[in-house]
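Below is one structure, written out as structure tokens, with a few remarks after it.
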Amino acid sequence: MANCTYCGKQFGFLEYTSPMKRCKNCEASLHQTQSQLFYILDQEFQKTGIASSKEQDLIQHLAQQRIPQDIGMPILQKQLYYRGLSEIMWGNIPVIRTRMILDSDETAHFSISAVYHKPNKKIKYIDGTLTGTNKKCYFVSFTGSDNFTMDWNNISQTRQTTVSSLMYNKARKPVIVEKPAIHISVTKGSGGGNYEVQDPLYIKIFIDTLAKLWKRQLVIYQEQKAHGAIPQHIRAAVFKRDGGRCVQCGYDGEYIEYDHIMPRSKGGQNTVDNVQLLCRKCNLKKGDRV
């Protein structure tokens with residue numbers, strides 16, 4: 001009789017086995033563990049991002065729990081995916097080459113094929129390329145018409161969504177299928193609407209980060225030298241958590257500063273939990289008090 005490759009238990013005569021020759025109980029338990037780890041990764045990424053130190057911790061955890069490769073590999077792949085997105089979210093944005101003619105001080109950060117569902121009385125489907133630089137977001141159609149430029153300052157919101165597309169099955173009959181997309185909201189100008197893309201979360205993180213970096217050029221950082229510079233990823237996480245507003249009075253204008261809740265002079269560290277956004281008035285009022 002065969003044995004379960006995970007727990008070693010001998011299978012009964014009619015007992016169910018998985019393709020990996022595991023018993024029913026082990027199969028259910030391992031998939032539950034996988035779902036739990038997926039959930040933990042999702043929560044950590046949404047909260048502050050995934051730090052590089054988490055990678056070795058996860059590898060050790062999988063080894064200690066003797067998680068089989070077919071269960072553990074998707075978990076590691078998801079963590080690596082979130083690691084890359086976390087770096088982008090923290091402001092460590094890669095630079096790429098593009099065929100677009102850019103300004104001398106303009107650099108491209110992403111470029112991806114997209115189908116723009118141009119809103120109108122009847123939706124117009126436009127194939128093209130969505131490109132983000134340190135200055136703007138461009139959509140360039142393959143036909144050379146229906147091109148759009150969106151200023152980062154005018155992008156107010158992005159969200160993942162799905163769009164309906166007309167496809168044809170093997171029998172050449174038309175069918176409607178749902179495809180992943182990102183919705184871009186703009187306060188003025190053209191380009192707002194749904195863009196059908198392969199990985200909406202990836203593009204959303206890029207667009208959100210580039211828009212924040214552009215808008216945060218107006219934010220004044222006034223950290224005393226004795227306090228040491230707050231790392232970029234800490235500033236990004238705090239700015240996201242506090243919504244770009246003073247946590248005391250709700251001010252969201254030009255004079256926003258990063259404040260140590262526990263002052264550095266009293267041992268406070270550069271951590272997300274110890275840094276908050278205050279307007280200049282509230283920060284001066286607080287001084288070095290806790």
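Residue numbers run from 1 in the order of the sequence given. Small disclaimer: the values here were computed from a predicted structure and weren't measured.
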query = Considering only heavy atoms from C-beta outward, does the side chain of T131 approach that of C137 to under 4.5 Å?
reply = no
task = Look at atom CD of Q36 and say whether more than 12 heavy atoms of other residues, nucleotides or ligands are closer to it than 6.0 Å.
result = yes
inquiry  = Within the 4.5 Å heavy-atom criterion, are V275 and H260 side-chain neighbours or not?
reply    = yes
remark   = For Q43, the side-chain contact (heavy atoms from CB on, under 4.5 Å) test, sequence neighbours excluded, returns Y39, Q46
key: side-chain hydrogen bond (donor to acceptor under 3.5 Å, both in side chains) contacts in which one or both residues fall within residues 58-77, not counting sequence neighbours   = R22-D70
Under 3.5 Å side-chain donor-acceptor pair for Y81 and D199 = yes
ask   = Partners of D42 by salt bridge (Lys or Arg N to Asp or Glu O under 4.0 Å), sequence neighbours excluded?
value = K78
request  = Using salt bridge (Lys or Arg N to Asp or Glu O under 4.0 Å) as the criterion, list what pairs up with D208, not counting sequence neighbours.
outcome  = K204
ask   = Partners of D57 by salt bridge (Lys or Arg N to Asp or Glu O under 4.0 Å), sequence neighbours excluded?
value = none
key: Check against side chain to side chain contact (heavy atoms under 4.5 Å, CB included), V140 and L130   = CA-CA 7 Å; V140 179; L130 192 64; over 6 Å; no
remark   = Applying side chain to side chain donor-acceptor pair (under 3.5 Å) to T209 and not counting sequence neighbours gives none
query = Any ring-ring contact (aromatic ring centres under 6.0 Å, His included) pairs touching residues 85-113, not counting sequence neighbours?
reply = W90-H233, F110-F206
message = Within the structure provided, determine whether Q276 and K286 are in side-chain contact (heavy-atom separation under 4.5 Å).
response = yes
query = Roughly how far apart are L210 CG and W152 CH2, rounded to 0.5 Å?
reply = 4.5 Å
message = Filter on ring-ring contact (aromatic ring centres under 6.0 Å, His included), then keep only pairs touching residues 118-144, sequence neighbours left out; what's left?
response = Y116-F139, H117-Y125, F139-Y195
Identify every side-chain donor-acceptor pair in residues 177-186 under 3.5 Å, counting partners at least two apart or on other chains, and give the distances.
unit_1 : atom_1 : unit_2 : atom_2 : d
E178   : OE1    : T162   : OG1    : 3.3
E178   : OE2    : S164   : OG     : 2.6
H183   : ND1    : N194   : OD1    : 2.8
H183   : NE2    : S185   : OG     : 3.4

request  = For the residue pair I207 and I203, establish whether any side-chain heavy-atom pair is separated by less than 4.5 Å.
outcome  = yes
ask   = Under a 4.0 Å N-O cut-off, is there an ion pair linking K135 with D105?
value = yes
remark   = Taken in chain and number order and not counting sequence neighbours, the residues that satisfy side chain to side chain donor-acceptor pair (under 3.5 Å) with T129 are none
ask   = With sequence neighbours excluded, what pairs up with K124 under the side chain to side chain donor-acceptor pair (under 3.5 Å) test?
value = D146
ask   = Can you check whether P74's main-chain N or O pairs, donor with acceptor, with Q79's side chain at less than 3.5 Å?
value = no
message = When you compare the side chain of I126 with that of V115, does any pair of heavy atoms fall below 4.5 Å?
response = no
remark   = Hits for salt bridge (Lys or Arg N to Asp or Glu O under 4.0 Å) against R241, two or more places apart or cross-chain, chain-then-number order -> none
